[in-house]
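All heavy atoms count here, side chains included; hydrogens, waters and symmetry mates do not.
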4 protein chains.
Amino acid sequence: MILDFAPCEEIHCQFRNNQERNHLFRMCERSVVIIVLKPDYTDEQLQHICEKVEEMGFRYELSRGVQRTVLGVIGEEEELRNAPLQAIPGVENVLSVLKPYKLASREFHQDDSVFELGHGVKVGGKSMILIAGPCAIESEDILFEIGRAVKDSGANVLRGGAFKPRTSPYSFQGLGEEGLKILRTVGDELQMPVVTEVMDPRQVELVVEYADILQLGARNMQNFNLLKEIGSTDKPVLLKRGMSATVQDLLMSAEYVLAHGNKRVILCERGIRSFDSSTRNLLDLAMVPNSKGCSHLPIVVDPSHATGRPDLIPKMALAAVAAGADGIHIEVHSCPEKAMSDGPQALLPGQFHELAEQIRSLAGFFEKEVAPTPQVV
Amino acid sequence: MILDFAPCEEIHCQFRNNQERNHLFRMCERSVVIIVLKPDYTDEQLQHICEKVEEMGFRYELSRGVQRTVLGVIGEEEELRNAPLQAIPGVENVLSVLKPYKLASREFHQDDSVFELGHGVKVGGKSMILIAGPCAIESEDILFEIGRAVKDSGANVLRGGAFKPRTSPYSFQGLGEEGLKILRTVGDELQMPVVTEVMDPRQVELVVEYADILQLGARNMQNFNLLKEIGSTDKPVLLKRGMSATVQDLLMSAEYVLAHGNKRVILCERGIRSFDSSTRNLLDLAMVPNSKGCSHLPIVVDPSHATGRPDLIPKMALAAVAAGADGIHIEVHSCPEKAMSDGPQALLPGQFHELAEQIRSLAGFFEKEVAPTPQVV
Amino acid sequence: MILDFAPCEEIHCQFRNNQERNHLFRMCERSVVIIVLKPDYTDEQLQHICEKVEEMGFRYELSRGVQRTVLGVIGEEEELRNAPLQAIPGVENVLSVLKPYKLASREFHQDDSVFELGHGVKVGGKSMILIAGPCAIESEDILFEIGRAVKDSGANVLRGGAFKPRTSPYSFQGLGEEGLKILRTVGDELQMPVVTEVMDPRQVELVVEYADILQLGARNMQNFNLLKEIGSTDKPVLLKRGMSATVQDLLMSAEYVLAHGNKRVILCERGIRSFDSSTRNLLDLAMVPNSKGCSHLPIVVDPSHATGRPDLIPKMALAAVAAGADGIHIEVHSCPEKAMSDGPQALLPGQFHELAEQIRSLAGFFEKEVAPTPQVV
Amino acid sequence: MILDFAPCEEIHCQFRNNQERNHLFRMCERSVVIIVLKPDYTDEQLQHICEKVEEMGFRYELSRGVQRTVLGVIGEEEELRNAPLQAIPGVENVLSVLKPYKLASREFHQDDSVFELGHGVKVGGKSMILIAGPCAIESEDILFEIGRAVKDSGANVLRGGAFKPRTSPYSFQGLGEEGLKILRTVGDELQMPVVTEVMDPRQVELVVEYADILQLGARNMQNFNLLKEIGSTDKPVLLKRGMSATVQDLLMSAEYVLAHGNKRVILCERGIRSFDSSTRNLLDLAMVPNSKGCSHLPIVVDPSHATGRPDLIPKMALAAVAAGADGIHIEVHSCPEKAMSDGPQALLPGQFHELAEQIRSLAGFFEKEVAPTPQVV
């Protein structure tokens, strides 16, 4: 990428013939990072840097300027990423020029990913999903009551937590397998695909038996062993963004799942940490077009966890649709005050019914559709 | 503070007579903060606290529990706010129970504020504004060309900077009064109200001569003397949220303007600082319903400064409309690559035309209107 | 909640008899939260709130003021925490007055926790630890070379990663059990306690066989099942703060480990996410006295991961000692440029030697000691 | 920086002779940014980019690779900074390779800046300052009492606010000129240099009459007109870091003052905004060595505003000394509970006396000195 005209003898040989030139082109092809040297670097440091870079098995090209000297380092992308170039004495800065994720990138897959979730529900492209249900599964009666209500309002995926990550060891931790069975039963009765969280690699096999979609929670977004386990299943994954994850961090976690063979990853924005405590988290809606620009994966937005405030959820759900989200995730409970966890942020079925109607009609405005699930009697 | 065991028996024993009851009620009326003592407080500390509180001219009520001892401190709100109760030895925590702003609050003014901006343009309630124009005013020709274009596309307020806050002292700082004259001329020709930034209390008098709306920039949101000067004018104010301001901070700055007599404050969300550098700032759309819940002031959203990325601006503008914004602020330039400042984030007139159409039709979907400005030949 | 007008006359009228007074005191003992009603609450809402609170099995006390009406809700702390009071219509705010963690709190354990880590090394009180070693274990030769060097410089705990959490699925993931064996061998030869990360509940049993101290990484701070597994072992735990965890979040995660029976938790500050990308993370040294004020657990500071910059590590290590840290964690590599992961932030043995000397002498200044490990030939 | 071997004819002419080569060196000298093109850029876009870059008056050099095509754009640094290269269609990323500030940089001024503040007090190099005093000036008696106490404890600069930036318009705003007179009088009596905040360009002339050091508050760090006014005075400036300012933002604001002729700028770290509300702000001590690495300006740390908690101030003050700070800024009040503003974070004279002693002895440990001010009777 950068030719060496400092030791000016070599320069001539570089263009002696086409073969040489082509060789240089091939190098450019693989060049990934640019090293900027400190203004006060010494010749010893420069020599050391060049030696190190070669030791690491890379080629380099040097440009010695008066204000700055710069190296273009050339090699296999992944090796370069892991190479501690920054650490070499005399190096001021290392500029990377390629994205660290591949399978999740638009370059790799031009069109939006669209895939099946069960019971004919699709996500991506023109197909939006509306995920609704209680935070935690409490009993079959309550879940059925809520599921029936949200299905009638137009939700096409049912959610419910059987394993609950709770910040306090003294809080309700979920019903476990009993909860999964309830979820499966209610999902079958209502013919809705069901999504539930898996917190632990040891639970994956169990949860796969019962769930149509595996949810990976925000706190586990960088639980890499769990990502690998989930990547080895054939179930779609709802991957929630961590509270302090950049869009790139999220796509790197998606890359884990994709790299292990599972191609059906749905990203989920659920709010990040910020300094204003008036909302539970800060909903980052710009990440929707931002992520869609560099990745083909569908994105669901969860205003319930993002705001933690029922008074803000409806407007944020509509804003998410306008931002281009492929789905909305809403917590609903027949009696928030009774909910064993996260009650405060749940909508009542009546509130959800009204919101679902608005979501569907706004989706229509943008020529998208929230397809209903099969009729049940 | 907890005086009245309303439903229960004990109530009767509490008050010897109505006079005493009324006295206690009057106290409740004024009670603002709750002091929680440290678990290991000493009797000396408690006595000291009680004395201090009385010295400060407040009344208090004490509850001595086994786990915690708590005081309800009673007095004029503002005095209590400024009272350094937290500093008294033995105090663990001071809980405030009222909002620190008044004139900006819904309690003070139930209905949405709606007001005139000039040339028949209104903001608030069902009336949305669409502010567009270049970041900086460069010449009358360019501004007229852009102004004409955005007016034809449906913008009803023209923006342009004559005084530019720039992080680098070496960057273009704006045309100053010459720029204001150009803005006024173009605004009159196009019959559009014009908004421009004022950075300095010494500029207020000058800017008031030329502008219909005064913009107070994010970096000056807590420039309190500037807020006071602007509060003393009769021009509507576009108050931009600071990069690390909470919604309450923003409303406190609005309170400054309101408290100095200027009732026409428009809040503006333009993104806050966060950890993901893939966008310039982080657009906080939840602040729209959040602020509307506690304040009557209209809110404009500026996706141009919030994202700094033309590829994200359109979706974020539509999301802002869905979130309930009373206006959208878009930077437009006929040739972003030529723009003297902030070019990268400006839309081209053609891109803006398309977006403005979507904004107007989405506003219609929500039964709002972006009223056009008078025809000009 | 404010039942007892201790100093004043009114007191007598309040209680018909001692039995009643005692009853009230018992209530105070258990009172945890204060509900502030919305200014515009209706009587129906108030009645509904009172009913709900009673349904939930709590007692309440009401204060009806003109500006605000407030309830003191009384019950078992944990039940109250999980009660969705915020969700009841008419409720504006719920103020908690006790800390959500118990076993980790100073109230529960007044004195600093001090405990053994192996080979006579203690942490807490006057005993500081100096943890050093490479990010990842690469080979026995390299680890021994580095271990020998850091021991000679005064480090008394050896670190090395066998299981590496990496943001990229394509990055080196660690040597696994082979790495653990190497670590154990080198630790025994050098007679240093060794610490290594465990990422997965399924690894705990294995890691416990080889390690003296289990490290729980920042990305797993809220991996609650892993916290439970670690809480069930008898090994000291180095609990790293998550990138967006508050001090309270960290103490809640410690509470998980403590609540499962493992009393030897060492907190570790390693930087949190912030908006300034000039350092890898933002080192929060105020968390040291902040956490020590409310918890008895020892705290280690890791300037290597916090800054990611060798040029900043020494000053930050010294600042951590001055802030009152009970230990310092430094990455050291004999050749950072060769390190398979995180090389850029590692110090060279020579740099570490100089730093370790300064740390020990500064520790002496504060009357603390970094005890050496046994001589080995 | 990057040679163009795509149209391969030109290449040969590039090295025909030394003159050519020297020409290329001169170009490198001025090269500042690297443009990375989108993977899917079109030839039209590339041509357009090249034309634009030339129109802007820059030279460029092209490297066309298979994975990426990159341009090195060459021109005057400042022009390049303001050039909206990012905006040109087809551009993915623009990488800058030089710092945007000059006068504040180490490249510009190798050694630490050291300068006089009055009464023989120096800051920088081996000379530390200890700034102490009340947040706000309340009366001559109180200020003299506090000033006397802090001088006796070893403080060598007296602080006090006459103009107070307050988030609430209803809070005490300072005594204004009366306060300045009191500060001057007390400073003269005690023979201590005095520092006070200036909030408004219109106040600069007045404050210059009375103060030895001008404080520019965090909320005004990017009040550029105020920076210019202060840059035109001959008084040292205490420039406080904004709550969401990066180290580079701070240095850019310093650059404003320096560029207007005032060379005596003292940076001040006073905490930045973060998500953990258990401290008022987040003290960023790593900024001390970080800033010292790239700038020659002295740095003062203010743990009082940073933490807002008297229980954390002493440890953070000592940590700041260890981090290499050139000064410490502490709020002291004879009776925090009486202080008209910010009382809660002030130390009592007794607490300050103890802390000052520790600071001085720790400064000694690092071979620095807090020089006392002249004896007064």
Side-chain angles (χ1 to χ4, degrees), chain A residues 52 55-56 77-78 81-88 94 100-102 163 165-173 199-203 219-228 231 242-244 248-249 252-253 255-256 258-260 272-273 310 333 336-346, chain C residues 52 55-56 77-78 81-88 100-102 163 165-173 199-203 219-228 231 242-245 248-249 252-253 255-256 258-260 272-273 309-310 336-346:
Chain A
K52 284 292 168 194
E55 266 180 41
M56 294 179 200
E77 191 175 341
E78 199 43 47
R81 279 196 202 304
N82 293 324
L85 301 168
Q86 182 80 67
I88 311 178
V94 176
Y101 48 87
K102 304 212 148 310
F163 297 105
R166 306 302 305 273
T167 48
S168 168
Y170 310 119
S171 301
F172 172 61
Q173 313 268 322
M199 287 173 61
D200 185 328
R202 298 169 301 183
Q203 296 165 350
R219 294 185 177 81
N220 282 314
M221 191 200 86
Q222 293 190 318
N223 182 338
F224 300 115
N225 287 25
L226 184 52
L227 288 165
K228 290 175 188 174
M243 277 196 294
S244 58
Q248 178 168 302
D249 292 335
M252 289 305 294
S253 288
E255 188 80 7
Y256 258 94
L258 298 167
H260 282 77
I272 56 178
R273 265 245 146 114
H333 202 287
E337 300 126 30
K338 278 226 195 66
M340 287 183 189
S341 72
D342 275 356
Q345 76 198 15
Chain C
K52 284 291 168 193
E55 266 179 41
M56 294 179 199
E77 193 175 337
E78 199 43 48
R81 277 195 205 304
N82 293 325
L85 301 167
Q86 183 79 68
I88 313 179
Y101 48 88
K102 302 214 151 307
F163 296 105
R166 306 302 304 275
T167 47
S168 168
Y170 310 119
S171 302
F172 173 60
Q173 313 267 324
M199 287 172 60
D200 185 328
R202 298 168 302 183
Q203 297 165 348
R219 296 186 174 81
N220 282 313
M221 192 200 86
Q222 294 190 317
N223 181 337
F224 300 114
N225 285 25
L226 184 53
L227 288 165
K228 290 175 188 174
M243 277 196 292
S244 58
Q248 177 168 304
D249 292 335
M252 290 304 295
S253 288
E255 188 80 7
Y256 258 92
L258 298 166
H260 283 77
I272 56 179
R273 266 249 147 111
R309 286 176 46 181
E337 300 125 29
K338 279 230 194 63
M340 286 184 191
S341 72
D342 275 356
Q345 76 197 15

Next item on the list: Could you tell me which residues satisfy side chain to side chain contact (heavy atoms under 4.5 Å, CB included) with C:Gln248, sequence neighbours excluded, listed by chain and number?
Entry: C:Pro100, C:Tyr101, C:Thr246, C:Met252
Next item on the list: Give, as side chain, backbone, both or neither, the part of A:Asn223 having an atom under 4.5 angstrom from any heavy atom of chain C.
Entry: both
Notebook entry, point to check: How close do A:Tyr256 and C:Gln173 get, heavy atom to heavy atom, and via which atoms?
Noted result: OH-NE2, 3.2 Å
Note to self: Let me confirm one number: the CD-CD distance from A:Gln345 to C:Gln86, rounded to the nearest 0.5 Å.
What the structure shows: 11.5 Å
Next item on the list: Using the side chain to side chain contact (heavy atoms under 4.5 Å, CB included) rule, take C:Ile272 and A:Arg273 through it: C-alpha gap first, then chi angles, then the decisive distance, then the call.
Entry: CA-CA 11 Å; C:Ile272 56 179; A:Arg273 265 245 146 114; over 6 Å; no
Notebook entry, point to check: Rounded to the nearest 0.5 Å, how far does CD of C:Gln222 lie from CE of A:Met199?
Noted result: 10.0 Å
Notebook entry, point to check: When rounded to the nearest 0.5 angstrom, what is the spacing between CG in A:Asp249 and CZ in C:Arg219?
Noted result: 7.5 Å
Item checked: Interatomic distance, C:Leu226 atom CG to A:Leu226 atom CG [nearest 0.5 angstrom] -> 11.5 Å
Notebook entry, point to check: Hey, which of C:Ala245, C:Ser244, C:Pro165 has the most heavy atom pairs under 4.5 Å with chain A?
Noted result: C:Ser244
